[in-house]
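The structure under discussion appears below in the form of structure tokens.
So you know, we letter chains A, B, ... as the sequences are listed, proteins then strands, and number each from 1.
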Number of protein chains: 2
Amino acid sequence: MTKGIFNLSIPVPAIDIVIFTIYKDKFCILLTKKSDDPFKWKFVLPGGILMSGYSLEENFDRILLEKTGIKWVYKEQLYTFWDPDRDTRWHAISIIYYALVRNESFLQDIDLTKVHIIEYDSLNFKDVGFDHEKIIKYAKQRLDWKLEYTNISKNILPDYFTLSNLQKVYEIILGKTIDKRNFRKKILSTKILKDTWTQDKSSNRPARLYEFIDKDLKIMDIL
Amino acid sequence: MTKGIFNLSIPVPAIDIVIFTIYKDKFCILLTKKSDDPFKWKFVLPGGILMSGYSLEENFDRILLEKTGIKWVYKEQLYTFWDPDRDTRWHAISIIYYALVRNESFLQDIDLTKVHIIEYDSLNFKDVGFDHEKIIKYAKQRLDWKLEYTNISKNILPDYFTLSNLQKVYEIILGKTIDKRNFRKKILSTKILKDTWTQDKSSNRPARLYEFIDKDLKIMDIL
DNA sequence: GCAAAAGTGTTTGGTCTACACCCATGA
DNA sequence: TCATGGGTGTAGACCAAACACTTTTGC
């Protein structure tokens, strides 16, 4: 296909999705494997072409379902790319989303013949096609920031959870250990959590169960 | 034009630009006035349709020039909208940028028959068409954040400037007064400035002239 | 009673805020 | 000599990081 200045090639609008999750206590990303050229056998982000007449939301949900089998995830828009040379097949305009989801909510639905759960730390970016490496890294950076300043972690936790559960999420995603006392003080001071006055008895000593106060994304108050 | 589910309407990709500046010591935004329906005589963001075969950058520069006469501004991508009902004429996919620019660098070029310099604080959003109110407010929010955590203010200052010049930019954009001593301490501690060892003699007592160390956007180190 | 995870305070250093006066120059 | 904006320091409040032991339960 020619892509000269005065040709009539119409840009193809698409969505690509960076889906993060925690699986077996590892921070992971969901990728698909291309079966055709270009980038045959490379990992790429799940994605697809937008259908006119539907909103971005509707297109997102449809593409997510088609490419992964997953019905719903929490998501945020990341960036939009448009570059005549980005995709070698056509002139693509690509809207990138990143998403965070607990594996319990998608393992029933996911089609593992289509999508692979890849441990983030052992992902070799040499195996990733297109320009998806920089997209994935940018999404991770945004996620780290959101973890620190918002209640985004609610999307990867069950409705009721202990402070230890929560701390573990932070440690796995940020890739570092965190002091337990300081973590508790900081999280409780932000007032994003509510004590449910119930207990989790699955560990040895029972632990308090908390829930998030806000249903939607909330930037933490810096007191 | 119909926009049913199975029709063949092709989405039209477009750019809209939120351009911020300081003019006569006021924080301002550049808007155009629509001369046709819908939203006739309303203020709207300068914008235009993307041409295939060019990069986003190239399209941006062309649309900026066509709609305002301005040759170059510092810009960042903000968000992408796609909604069948957003524009009543066609199904638009709109990529939003916001830009920050010093008026000295565009007043020669700007075509004031096309674009209006509007003082932000006296802008009545009732006069703004489409959904551009929420876009403008979101862009302002992002700009405030960048002012605090990056060297983005370099784009609205000359190459050499005094700390008072810089402080004034912060005060005008953020809309509040700032303590002089604390401001100086904070800015100098971030190490984004370099003393040029020259002086500005235009005021009564000569003032030190500084310049930014980094040419590109830099997130300030939190020491 | 012991293993395992829950829960809890204090000290210290650093950062942020509020605040007022002297200095260098031009007119 | 006076008007104008440039330049400077300190004390108190608040926040962040480092750090170790006791409690509750199941087995």
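Going from atom CZ of A:F183 over to atom C1' of C:dA6 covers 14 Å, rounded to whole Å. Following rounding to the nearest Å, A:K186 (NZ) and D:dA17 (P) show an atom-to-atom distance of 7 Å. To the nearest angstrom, P of D:dC19 lies 16 Å from CD1 of A:I178. The distance between atom CG of A:N182 and atom P of C:dT12, rounded to the nearest whole Å, is 16 Å. Between B:L166 atom CG and D:dG5 atom P there is a gap of 18 Å when expressed in whole angstrom units. Summarising the geometry, the separation between CG on B:D179 and P on C:dC16 is reported as 13 Å, rounded to the nearest angstrom. Per the geometry, CD1 belonging to B:I187 stands 15 Å off C1' belonging to C:dT15, to the nearest Å. Atom CG in A:N165 sits about 12 Å away from atom C1' in C:dA6, given to the nearest Å.
Counting heavy atoms from C-beta on, the side chains of A:I19 and A:I29 never come closer than 4.5 Å. A heavy-atom distance below 4.5 Å is not found between the side chains of B:N155 and B:V73.
For B:S164, no side-chain nitrogen or oxygen approaches OP1 or OP2 of D:dG5 to under 4.0 Å.
Annotation: cation-pi geometry not satisfied between B:K34 and B:F130 (NZ/CZ under 6.0 angstrom from ring centroid, within 45° of ring axis). Judged by the 6.0 Å distance and 45° axis criteria, B:K137 is positioned over the aromatic ring of B:F125.
Checked by distance alone, B:K185 brings a side-chain donor or acceptor within 3.5 Å of a matching partner on the base of D:dT10. You won't find any donor-acceptor pair under 3.5 Å spanning the side chain of A:R181 and the base of D:dA17, going by distance alone.
Proximity of residues 196-205 of chain B to DNA chain D (heavy atom under 4.0 angstrom from any strand atom) is restricted to B:S203, B:N204, B:R205.
In this structure, B:K168 places its NZ atom where only 12 or fewer heavy-atom neighbours from other residues, nucleotides or ligands lie under 6.0 Å away.
Among C:dG7, D:dG7, D:dG9, the nucleotide with an atom closest to any side-chain atom of A:R184 is C:dG7.
A ring-ring contact (aromatic ring centres under 6.0 Å, His included) check over residues 184-220 of chain A, counting only residues at least two apart or in different chains, returns the pairs A:F161-A:F212.
A distance of 9.0 Å separates OG1 of B:T177 from CD of B:Q167, quoted to the nearest 0.5 Å.
In this structure, B:A207 and A:P206 both approach DNA chain D, and ranking their closest nucleotides by distance from the 5' end singles out B:A207.
Among the protein residues, B:K180 comes within range of the nucleic acid bases, having at least one heavy atom under 4.0 Å from a base atom.
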